[in-house]
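The structure appears right after this line, and notes come after that.
Start at 1 with the first residue, then count along the sequence. Computed from a predicted model, the values in this text were never measured in an experiment. Both backbone and side-chain heavy atoms feed into the values below; hydrogens, waters and symmetry mates do not.
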Amino acid sequence: MKFAMQVVLGLSLVCAGPACVAAPAPATQAAAPAPAHLKAVQDLLGAMQIEKVLKGVAARSRYSNEGQKQAVLAKLDKVPPAEIYQRLAPALTRVISADTATEMTRFYTTPYGKQVIHKKYNSAAQLIMPGMTAAVAPEEKKERKRAAYVRASKELAEAEPAIEHEAFKLLQAINKEKR
């Protein structure tokens with residue numbers, strides 16, 4: 001027992017020296033994203049019609065009654081889409097690079113990209129029977145071959161959980177606001 005106490009005391013004395021004293025953490029704040037990066041992410045959110053993701057999150061959330069759900073959806077309808085893009089973009093610059101935002105904005109503003117967005121938010125569930133393969137449009141085949149698109153779509157797919165999470169946080173903030 002005495003030996004254990006001596007070891008603890010010895011270690012505490014060794015660590016009391018200047019080498020073991022932790023330097024105070026610098027008061028650094030998260031670096032603000034570059035204005036061009038922020039603008040690129042806002043443009044992407046607009047091209048993706050991210051306000052529809054917020055409505056989907058609101059519809060999937062649990063409420064104590066249907067009236068509360070309708071009140072949240074009504075508040076969400078009063079928020080202009082541009083404000084949603086502005087409020088979401090700063091948090092999403094951590095997970096979406098400027099290059100990805102630019103490339104995916106370019107894609108979603110093409111006629112085929114607009115179809116993809118429309119199908120994402122407006123199509124019903126489809127059944128695919130075993131052995132069937134989904135038909136791939138020629139435009140999509142062309143896009144799938146572009147290296148920039150492949151990288152950007154992969155990064156955007158990986159960012160999807162963060163987008164949903166930030167959308168949920170924004171929905172909570174909007175719900176708490178008086179509108």
Side-chain angles (χ1 to χ4, degrees), residues 22-64 66-123 139-140 143-179:
T28 58
Q29 297 194 4
H37 185 186
L38 193 61
K39 174 78 169 103
V41 172
Q42 287 176 357
D43 292 345
L44 173 62
L45 296 176
M48 291 174 63
Q49 300 175 10
I50 205 73
E51 66 275 9
K52 293 181 180 176
V53 169
L54 251 67
K55 289 180 182 180
V57 168
R60 290 187 309 267
S61 297
R62 294 185 188 162
Y63 301 96
S64 58
E66 187 64 26
Q68 187 181 23
K69 179 179 180 178
Q70 295 305 321
V72 169
L73 290 171
K75 278 185 181 181
L76 194 54
D77 285 339
K78 293 178 184 176
V79 180
E83 182 181 334
I84 292 172
Y85 311 149
Q86 282 181 318
R87 291 174 72 174
L88 274 178
L92 293 177
T93 56
R94 293 178 289 112
V95 294
I96 301 172
S97 69
D99 292 339
T100 293
T102 303
E103 176 62 25
M104 294 309 292
T105 300
R106 183 209 57 80
F107 169 71
Y108 286 131
T109 56
T110 65
Y112 178 67
K114 289 177 184 178
Q115 288 177 359
V116 170
I117 291 295
H118 180 76
K119 286 179 184 175
K120 180 176 181 177
Y121 299 122
N122 298 310
S123 66
E139 298 90 359
E140 185 175 354
E143 283 296 328
R144 286 181 180 179
K145 292 179 182 177
R146 293 184 61 249
Y149 170 78
V150 171
R151 278 192 307 276
S153 64
K154 183 179 180 207
E155 183 181 324
L156 190 59
E158 290 171 354
E160 197 67 35
I163 293 169
E164 289 278 330
H165 178 71
E166 292 300 328
F168 180 74
K169 287 173 39 179
L170 179 57
L171 180 67
Q172 287 179 323
I174 289 171
N175 188 33
K176 290 178 183 176
E177 295 172 0
K178 304 236 186 233
R179 286 199 182 252

Check ion pair D77-K55 (N to O, under 4.0 angstrom) | yes
Among all residues two or more places apart in sequence or in another chain, which pass the side-chain contact (heavy atoms from CB on, under 4.5 Å) test with [X]?
X    : answer
E158 : K154
R62  : none
A89  : L38, V41, Q42, L45
A36  : none

Sequence neighbours excluded - salt bridge (Lys or Arg N to Asp or Glu O under 4.0 Å) pairs with any residue from residues 40-53 | K39-D43
In short, salt bridge (Lys or Arg N to Asp or Glu O under 4.0 Å) pairs touching residues 105-117 with sequence neighbours left out are E103-R106, R106-E143
For [X], give me all partners under side chain to side chain donor-acceptor pair (under 3.5 Å), at least two apart in sequence or on another chain.
X   : value
Q86 : none
T93 : none
Q68 : S64

Which heavy atom of [X] sits nearest a heavy atom of [Y], and at what distance?
X    : Y    : result
A167 : V57  : CB-CG2, 4.2 Å
A173 : R87  : CB-NH2, 3.9 Å
A40  : A98  : CB-O, 4.2 Å
S97  : H37  : C-NE2, 3.5 Å
Y63  : A58  : OH-O, 2.9 Å
V95  : E155 : O-OE2, 3.4 Å

Quick check: are there more than 12 heavy atoms from other residues, nucleotides or ligands sitting under 6.0 Å from OH of Y149?
-> yes
List in chain and number order the residues that pass salt bridge (Lys or Arg N to Asp or Glu O under 4.0 Å) with E164, two or more places apart in sequence or in another chain; answer none if no residue qualifies.
-> R60
Would you please name every residue forming a salt bridge (Lys or Arg N to Asp or Glu O under 4.0 Å) with K169, sequence neighbours left out?
-> E166
To the nearest 0.5 Å, tell me how far [X] [atom1] sits from [Y] [atom2].
X    : Y    : atom1 : atom2 : value
L92  : I50  : CG    : CD1   : 7.5 Å
I84  : I174 : CD1   : CD1   : 5.0 Å
T100 : R151 : OG1   : CZ    : 8.5 Å
K75  : K176 : NZ    : NZ    : 11.0 Å
L44  : T109 : CG    : OG1   : 10.5 Å

Hey, are T105 and T102 close enough side-chain-wise for a donor-acceptor pair under 3.5 Å?
-> no
Name all residues meeting the ring-ring contact (aromatic ring centres under 6.0 Å, His included) criterion together with Y108; count only those two or more places apart in sequence or in a different chain, and write none if there are none.
-> none
Can you tell if the side chain of Q70 reaches within under 4.5 Å of the side chain of L73, non-hydrogen atoms only?
-> yes
Check the angle between the aromatic planes of Y112 and F107 and answer parallel, tilted or perpendicular using the 30° and 60° thresholds.
-> perpendicular
For side chain to side chain contact (heavy atoms under 4.5 Å, CB included), just list the numbers for I163 and I96, CA-CA rounded to whole Å, side-chain angles, deciding distance to a tenth of an Å, and then say yes or no.
-> CA-CA 10 Å; I163 293 169; I96 301 172; 4.1 Å; yes
